[in-house]
Amino acid sequence: MRRARGDRTGPRLHRWGSRTTFCRGLKRAVGGARPGETVAVLCLDLDQFRIVNYTLGHEAGDAVIRTVAHRLAECIGAAGSCAHMGGDEFALYVRTSDADTATWAERVLAAVEQPIPVVGREVRLTASLGIATTSTSGRDANRLLCDAAAALHEAKEGGRNTFRQHTPQASRRFMDQILLAHDFERALSNGEFFLEYQPRVHIHSGAITSAEALLRWRHPERGLVAPGEFIGTAERTGWIVPIGRWVVEEVCRQIREWLDAGLPVVRVAVNVSARQFQLDDFVHHVARTLSCHRIDPGLLEIELTETTVVENVESARRKLEALRGMGVSVAIDDFGVGYSSLSVLHRIPVDALKLDRTFVQENGIGGWSVMGTIIDLGHRLNLCVVGEGVETERQVSVLRAHRCDEVQGFYFSRPVPAPDFMRMLAASRLGRSGEGAAGPVAPRGSAQHPEVMGV
Ligand code: C2E
Ligand code: MG
Ligand code: MG
């Protein structure tokens, strides 16, 4: 992408400057701010701009960047200045008041949203915006730009096409994520990742039907890091690919170890992120790993979110057919909260729906009636429906009343290290009750006895 420069032919007030001119202007504005005046710095990033370059070509992309720069300069007018920082990123500053900062942000986003005519077409764009002000970040121009960049990161995390104001917590989170991204390589080679296993149980018999493998990171300085803190960063940086491959390999290695120890092995589910699933060799890698460890594919399940599948339905369908053809089962995870399309659900081959825990934990008829409807839908499509995040006996009864098939949650067991899960399986073997599943598991805190289950 060539850098757009100030448009010498544009109206005088609506010019945009280079980064150096911008920084000089920002320092002057901060230094000269009058009492009660705030200088707000806005970092802007066009959402999914690469699609313009891919579909219309780089020349058209450059023209779009010039138009956006022009509009931003026009929008800010004499209240501040704006610069193209490279790629699809812009920085703006505006002399305003704390009360008016959000209005400026809305105005800037609205300016970007207007259709842009280019090569005989109309391009519609949205942007994400991060804001830092002298009131919260102080009067150092570099600090203001860094804080606005951290807030921009938050805006992107928040789903794009929005703005966020800087907070110290946002900056810390941003720095943490950058630092974490640097640590992934070391974590993989030093064996800092490990898996915990959480049982899934049959709602009537209480038998353990399978386990879900959940990733954990034993970080040398930070201690135990939960997946919620690093999976997003791993996805954005691409590290999810080697990490996700490691998870599949580790699960297969673990199953082989259980088999060799003569334990009653159950199917293990692995969470697969969109980026990992979209790889051309995803199915091949799963097949090769299963065969390398001599594992029956029926002992593996993959969990995908609705959004992953909806992103490219045809390709997802082909891959899922190949996996199921091999004998691997497929579950849709966190069902009901992603970008879902019921027609898609009908077209893709899956075995189970995992009902998102927000439905299970909803305390009220409204929430539970939605839950009941989803369970019926799953049954009509011949799917096994699993209630996730089950924490109380009451939730188990409600799920049972709605004819849910299986349940998973702290009520039965938290995710536990492999040796503990092995012990749980071995103990449940004593009360073994049904083909392909281990015996009943007692709720946490109660004696290990089938009757205590209350399911
Ligand atoms: P998920 O796949 O929906 O996994 C279930 C999460 O709910 C787990 O959180 C589990 O510990 C938690 N959970 C289970 N029962 C209960 C309960 O009764 N109450 C509550 N409040 N929570 C419960 P965890 O282990 O922190 O994982 C969070 C998410 O991180 C997972 O959600 C999954 O999306 C992702 N994740 C975990 N491991 C992997 C992995 O190996 N690869 C990928 N791509 N994502 C993973
Ligand atoms: Mg899951
Ligand atoms: Mg889930």
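On a predicted model such as this, the values are computed, not experimentally measured, just so you know. Indexing begins at 1, ligand by ligand and atom by atom, following the structure's order.
The protein atom (non-hydrogen) at minimum distance from atom 24 (P) of ligand 1 is Pro227 CG, 3.7 Å. Looking from atom 21 (N) of ligand 1 to the surrounding protein, the closest heavy atom is Glu391 OE2, 3.1 Å. Nearest protein neighbour of atom 25 (O) of ligand 1, counting heavy atoms only, is Arg216 NH1, 2.8 Å. For atom 46 (C) of ligand 1, the closest heavy atom belonging to the protein is Asn271 CB, 3.7 Å. When only non-hydrogen protein atoms are considered, atom 18 (O) of ligand 1 lies nearest to Phe410 N, 2.8 Å. When only non-hydrogen protein atoms are considered, atom 3 (O) of ligand 1 lies nearest to Asp334 OD1, 3.0 Å. Ranking protein heavy atoms by distance to atom 5 (C) of ligand 1, first place goes to Glu388 OE2, 3.9 Å. In this structure, the protein non-hydrogen atom closest to atom 9 (O) of ligand 1 is Leu214 CD2, 4.7 Å.
Not a single N, O or S atom of Glu388, from either the backbone or the side chain, sits less than 2.8 Å from the Mg ion (ligand 2). With a cut-off of 2.8 Å, the Mg ion (ligand 2) has no N, O or S atom of Asp334 in range.
Rounded to the nearest 10 degrees, the angle OE1 (Glu303) to the Mg ion (ligand 2) to OD1 (Asn271) equals 90°.
Asn161 and Ser128 share no donor-acceptor pair across their side chains, judged by distance under 3.5 Å alone. Checked by atom type, the side-chain pair His379/Asp405 shows a donor-acceptor distance below 3.5 Å. Glu406 and Thr209 share a donor-acceptor pair across their side chains, judged by distance under 3.5 Å alone. Side chains of Gln408 and Gln198: a donor on one and an acceptor on the other come within 3.5 Å. Remark: the Ser329 side chain and the Asp351 side chain contain no N/O donor-acceptor pair separated by less than 3.5 Å.
Taking every heavy atom of Val247 and a limit of under 4.0 angstrom, the matching atoms of ligand 1 come to 41 (O). Of all atoms in ligand 1, listed by their number and element, those nearer than 4.0 Å to a heavy atom of Ser273 are 44 (N).
Side-chain atoms of Gln361 come within 3.5 Å of backbone atoms of Gly389 as a donor-acceptor pair (strictly under, hydrogens ignored). When atom types are taken as modelled, the side chain of Gln276 and the backbone of Gly244 share a donor-acceptor pair closer than 3.5 angstrom.
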* Kindly indicate, with the supporting measurements, whether the criterion side-chain hydrogen bond (donor to acceptor under 3.5 Å, both in side chains) is fulfilled by Asp333 and Thr305. => CA-CA 5 Å; Asp333 203 1; Thr305 64; over 6 Å; no
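Remark: Arg218 fails to qualify as a cation-pi partner of Phe193 under the 6.0 Å distance and 45° angle criteria applied to the six-membered ring. Within the cation-pi definition used here (under 6.0 Å to the ring centroid, within 45° of the axis), Lys319 does not qualify as a partner of Phe282.
Ligand 1 lies out of reach of Glu235, whose nearest heavy atom is not under 4.0 Å from it. Using 4.0 Å as the threshold, Gly389 has a heavy atom nearer than that to some atom of ligand 1. Heavy atoms of Gln276 stay at 4.0 angstrom or farther from ligand 1.
Where the criterion is an N or O separation shorter than 3.5 Å, residue side chain and backbone included, Gln198 meets it with respect to ligand 1.
Ring orientation note: the planes of Phe184 and Trp239 are tilted relative to one another, at an angle of 30° to 60°. Using bins of under 30°, 30° to 60° and over 60° for the plane-to-plane angle, the ring pair His84/Phe90 lands in the tilted bin.
For Trp258 and Tyr197, the distance between ring centers is under 6.0 angstrom.
Checking atom 32 (O) of ligand 1 against the protein gives no heavy-atom contact under 4.0 Å. For atom 7 (O) of ligand 1, the protein comes within 4.0 Å by at least one heavy atom.
Contact annotation: for Arg414 versus ligand 1, there are no heavy atoms closer than 4.0 Å. Under 4.0 angstrom from ligand 1, the non-hydrogen atoms of Pro415 all belong to its side chain. Contact annotation: for Gln361 versus ligand 1, heavy atoms closer than 4.0 Å belong to the side chain alone. When non-hydrogen atoms are compared, ligand 1 lies under 4.0 Å from the backbone of Val390 (N, CA, C, O) but not from its side chain. The side chain of Ile231, and not its backbone, has at least one atom closer than 4.0 Å to an atom of ligand 1 (non-hydrogen atoms only; side chain from C-beta on).
Checking Asp147, Asp98, Leu144 one by one against Thr133, the side chain to side chain contact (heavy atoms under 4.5 Å, CB included) holds for a single residue, Asp98.
When the N, O or S atoms of Glu212 are ranked by distance to the Mg ion (ligand 2), OE2 comes first. The atom of Asp333 that is an N, O or S and sits closest to the Mg ion (ligand 2) is OD2.
Looking at Glu250 and Arg253, a side-chain N of the basic residue comes within less than 4.0 Å of a carboxylate O on the acidic one, giving a salt bridge.
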